[in-house]
Structure formats: C-alpha cells, structure tokens
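Heads up: the structure comes next, in structure tokens.
Given the structure is predicted, the values throughout are model-derived calculations rather than measurements.
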There are 2 protein chains.
Amino acid sequence: MGRNKEFDTTVVLRKAMEVFGHYGYEGTSLQILLDGLGIARQSLYDTYGTKKDLFISAVKHYTNEKSTVVLTRLDRPGSVKAAITDIFREIAAALKDEARRKECFIMHSAIDQVPHVPEIAAFFEKDASRLEEAFYQALVRAYEQGELSDRHGDLRALARYLNHSRYSLTQAAKLTPEPKVLDDIVKVTLSALDS
Amino acid sequence: MGRNKEFDTTVVLRKAMEVFGHYGYEGTSLQILLDGLGIARQSLYDTYGTKKDLFISAVKHYTNEKSTVVLTRLDRPGSVKAAITDIFREIAAALKDEARRKECFIMHSAIDQVPHVPEIAAFFEKDASRLEEAFYQALVRAYEQGELSDRHGDLRALARYLNHSRYSLTQAAKLTPEPKVLDDIVKVTLSALDS
DNA sequence: TCTTTTTCGGACCATTTAATCAAGAAATGA
DNA sequence: TCATTTCTTGATTAAATGGTCCGAAAAAGA
C-alpha cells in the first residue's frame with residue numbers, strides 16, 4: 001500500500017548524469033540539481049540520500065551500463081576485431097548524439113572525484129581491471145584465431161591502450177563539437193589492430 | 001622604489017596549478033587556495049585578481065609552456081618520428097615525476113570549465129588548432145622524407161589523433177598510479193607511426 | 001628622512017551552501 | 001475507512017563561500 005513513486009528512478013538518474021556531467025560535482029548546486037531532475041528536494045533525499053550519494057549512484061549506473069555493453073561484445077563469438085570496432089563505433093555514435101552525449105560527460109566529473117571519494121576510486125579501479133582483462137582475453141583469442149600477427153606483440157599493452165582510448169574519447173568530445181574529429185581519432189586508434 | 005614582491009609570481013602560479021589540479025576549480029575554496037599558495041589573501045587579489053582570474057592565468061601559463069615544447073620539437077630538423085617519440089616520452093616522464101605530475105592535472109580542471117568560461121574555451125580552441133596544424137605539417141614533412149608510407153594515408157586524421165593522445169595521457173595518469181600502464185599506452189600510441 | 005609599495009592579518013560583508021524538520025495534500029491498497 | 005507512503009512547500013539551520021576594507025609593519029629607493 002501507500003502512494004506510488006511518480007518518477008522513474010532510473011530516468012531521474014540519467015538526468016543526474018547530465019547535470020553532473022555539465023556542471024561537475026562541486027559545480028552543481030542543489031538548486032541546479034533539483035531544477036535538472038524535476039523533482040522536489042525532499043524526494044531527492046528520500047530516494048537517493050545526499051547529493052554525494054546520488055552522484056555516486058549515477059556514476060556507478062552509467063559505468064555499469066557502458067561496461068556491460070563492452071563485455072558483451074568482447075565475449076561474442078567470431079571476429080574480435082569486428083567486436084572492438086563495433087565498441088568504438090558505438091561510443092562515437094553516442095558522443096555524436098545530442099541527447100546521449102550529455103550523459104557521457106559524467107565520466108569526466110567522476111574522474112575529478114577519484115582523489116577525494118574513495119568509493120569512486122575503488123569502483124573505477126575494479127572496473128578498469130575487469131575491462132582490461134576482458135580486452136586482453138579477447139586479444140589472445142584474436143591472436144589464436146589469426147586476426148593478429150606477431151607484430152602486435154605485447155597484447156597486455158594493447159589491452160590497456162584500448163581501454164584507455166575508450167575512456168579518453170569523452171574528453172575529446174568535450175573539447176570539440178566536430179564529429180569528424182572524433183571519427184578521425186577512432187579510425188587511427190583502431191589502426192593499432194591492423195596487420 | 002617601494003618594497004619588492006617577496007614571492008616569485010610564476011612559482012606561485014605553479015603552485016596554483018597543483019591546487020586547482022587536485023581539487024578542481026569549484027572544489028578549491030579560497031582557504032585551500034591560500035594555504036596551497038602560501039601567500040596572504042590580499043596578496044592574491046593584488047597580484048592576480050579574483051580566484052577565476054588566477055585560474056585562467058594558471059591554465060594559460062601551463063598550456064603555453066607545454067605547447068611551446070611540442071612546437072619546438074616538431075620544428076626540429078631531422079627525423080619527425082624521433083621528434084614525436086620524444087614528445088610523448090617527455091609527457092610520460094612528467095607524469096611519472098612526483099612533483100611535475102601534480103601540475104599537469106590542471107588540464108583536467110580546465111577542461112571542466114570549457115563549457116562555462118568562454119575565455120578558456122576560446123583559448124583551448126586556438127591552442128588545439130595550432131598544435132593540430134603543427135602535427136600535420138610535421139607529418140607531411142615526414143612523408144616527404146620517407147618516414148611514413150602510404151599505409152598511414154590520412155595525415156590530417158593522424159595529426160588529430162596525436163594531439164588528442166597527448167592530452168588524454170593526463171587522464172590516464174589520474175586513473176592509475178602505475179607507471180607501466182602509461183608506458184604501455186605510449187608504446188601502442190606511437191605504433192600508429194610504424195611502417 | 002620621506003614616499004612608495006608590498007606583506008600580513010583580522011574584521012567584515014552579503015550570499016550561498018547542503019541538509020533537516022514540519023505539515024498538509026494526494027494517492028494507494030488493505 | 002484507515003493506515004501507509006509519497007509529494008510538495010516553506011521555514012530553518014549552521015557553516016562556508018568569494019570578496020572587500022582597513023591598518024600596521026616592513027622593505028626599498030629617492
């Protein structure tokens with residue numbers, strides 16, 4: 001019994017990504033936050049806890065969502081190169097989409113807080129190592145399948161590079177509104193896999 | 001006549017880079033800032049103006065310093081590949097040095113402010129296009145010198161990629177304290193120039 | 001000595017901050 | 001009907017915010 005929630009908590013979480021992504025964690029005042037979420041102040045505290053709690057929830061939700069997509073693609077049977085290409089094309093597409101683009105920028109705000117919020121630091125560390133390992137395993141499989149030559153040598157380094165490149169694309173997007181630049185970066189990034 | 005300044009304004013500017021780099025622009029309270037700079041409040045306002053003025057000065061000073069190094073190397077006669085390799089090795093070295101590393105993180109704080117401080121947005125836009133052009137001209141020269149094959153094709157894309165990679169290394173450094181990871185990323189990044 | 005400049009520190013300002021408490025209205029299902 | 005939950009709003013709190021003003025001490029050169 002009791003009254004139902006009038007807002008979808010994950011929809012509001014996405015809005016939080018946008019707001020925090022635009023203003024940064026410290027740059028987002030409670031007023032700005034509430035205006036962006038479209039809910040009343042008390043609803044925020046009742047549903048998510050403090051401003052920091054909401055921020056952490058938004059960061060985790062965003063990261064998990066993105067990581068899941070990557071992990072799924074990497075586990076997909078068949079060409080590993082094709083899977084990795086898809087992953088990067090998908091990121092570029094998200095960053096070129098007016099609506100989805102805004103959510104991505106919470107990553108930047110989150111990285112700001114790494115030195116100050118232990119929970120976020122620990123979360124990112126775990127996520128990064130999980131993804132690095134997934135990339136590595138996929139690359140090993142690619143090698144076994146004959147998709148990579150000995151030229152690529154250090155697959156561990158290649159895995160780290162790919163995971164880092166994935167993260168860094170949002171930074172590039174924040175610095176330039178030009179879609180072509182993003183495409184250029186992705187293209188050259190993927191050329192690291194060429195034979 | 002009159003009393004001399006007791007502090008070196010550029011030394012204090014470097015300290016400002018560290019403080020802003022660590023806490024972010026909004027995350028840096030005036031108190032934190034003054035403690036970090038080691039000067040009195042009034043001295044700050046007399047010398048640099050407001051907190052925002054100081055931030056902008058620090059960002060510009062840092063960026064100009066780094067860009068100058070890059071432009072100088074790219075103009076150096078001889079192997080372009082060697083020059084670019086040097087540029088990235090130098091960045092990695094800075095990010096691995098306990099002291100210099102801290103200053104670099106002001107870049108991250110600066111990018112946060114791009115959507116909110118027009119002066120910073122304009123400054124970065126100019127700086128980026130200048131460097132992209134320098135990379136491009138250098139790559140053209142490299143091609144003419146026989147350092148690059150037709151495989152590399154789109155030199156404009158390659159230039160954008162290199163400039164972006166340069167920026168993004170600080171992000172990688174912020175996410176991991178592991179020097180080896182940085183080296184791995186640089187190694188693979190530079191492999192884009194391999195024949 | 002005298003004037004100028006800088007340093008330093010405290011006092012002070014209005015504003016904003018995140019967060020809590022309270023209370024009534026609206027909705028929900030037993 | 002009744003208990004429960006959420007929504008909305010306003011009041012309030014205590015602390016922190018960036019910035020200004022003032023005055024005295026300390027240099028430095030004329």
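- Side-chain proximity of B/Ala40 to the nucleotides C/dT20, C/dC8, D/dT8 is greatest for C/dC8.
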Solution key, residues 186-195 of chain A side-chain donor-acceptor pairs under 3.5 Å, sequence neighbours excluded:
unit_1, atom_1, unit_2, atom_2, d
A/Lys187, NZ, B/Asp154, OD2, 3.1
A/Thr189, OG1, A/Ile185, O, 2.6
A/Ser191, OG, A/Val188, O, 2.5

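- For B/Ser29 and D/dA16, the shortest distance from a side-chain N or O to OP1 or OP2 is not below 4.0 Å.
- In this structure, B/Asp35 places its CG atom 11 Å from P of D/dT17, rounding to the nearest Å.
- Comparing atom distances between the B/Tyr45 side chain and each of C/dT28, D/dC7, D/dT20 picks out D/dT20 as nearest.
- You'll find a donor-acceptor pair under 3.5 Å spanning the side chain of B/Arg41 and the base of D/dG19, going by distance alone.
- One can place CD1 of B/Ile32 at 12 Å from C1' of D/dT17, the figure rounded to the nearest angstrom.
- A straight line from CG of B/Leu34 to P of D/dT20 spans 13 Å, rounded to a whole angstrom.
- Whole-Å rounding puts the A/Ile39 CD1 to D/dT5 P distance at 19 Å.
- When only modelled atom types and interatomic distance are considered, A/Arg141 and A/Gln145 share a side-chain donor-acceptor pair under 3.5 Å.
- Relative orientation of the A/His116 and B/Tyr23 rings is parallel, given thresholds of 30° and 60° on the angle between their planes.
- In this structure, B/Asp183 does not pair ionically with B/Lys180, as no charged nitrogen and carboxylate oxygen lie closer than 4.0 Å.
- Residue A/Thr28 is classed as a sugar-phosphate contact, given heavy-atom separations below 4.0 Å to backbone atoms only.
- Residues passing the side-chain contact (heavy atoms from CB on, under 4.5 Å) test with B/Glu26 are A/Glu26, B/Gln113, sequence neighbours excluded.
- The nearest whole Å value for the distance from the CD atom in A/Gln42 to the C1' atom in C/dA26 is 16 Å.
- Rounding to whole angstrom units, CD of residue B/Glu26 and P of C/dA18 are separated by 11 Å.
- Remark: A/Ser43 is not in phosphate contact with D/dT6, judged by side-chain N or O atoms under 4.0 Å from OP1 or OP2.
- Per the geometry, CG belonging to A/Asn4 stands 12 Å off C1' belonging to D/dC7, to the nearest Å.
- The NZ atom of A/Lys52 sits 14 Å away from the C1' atom of C/dA19 (whole-angstrom rounding).
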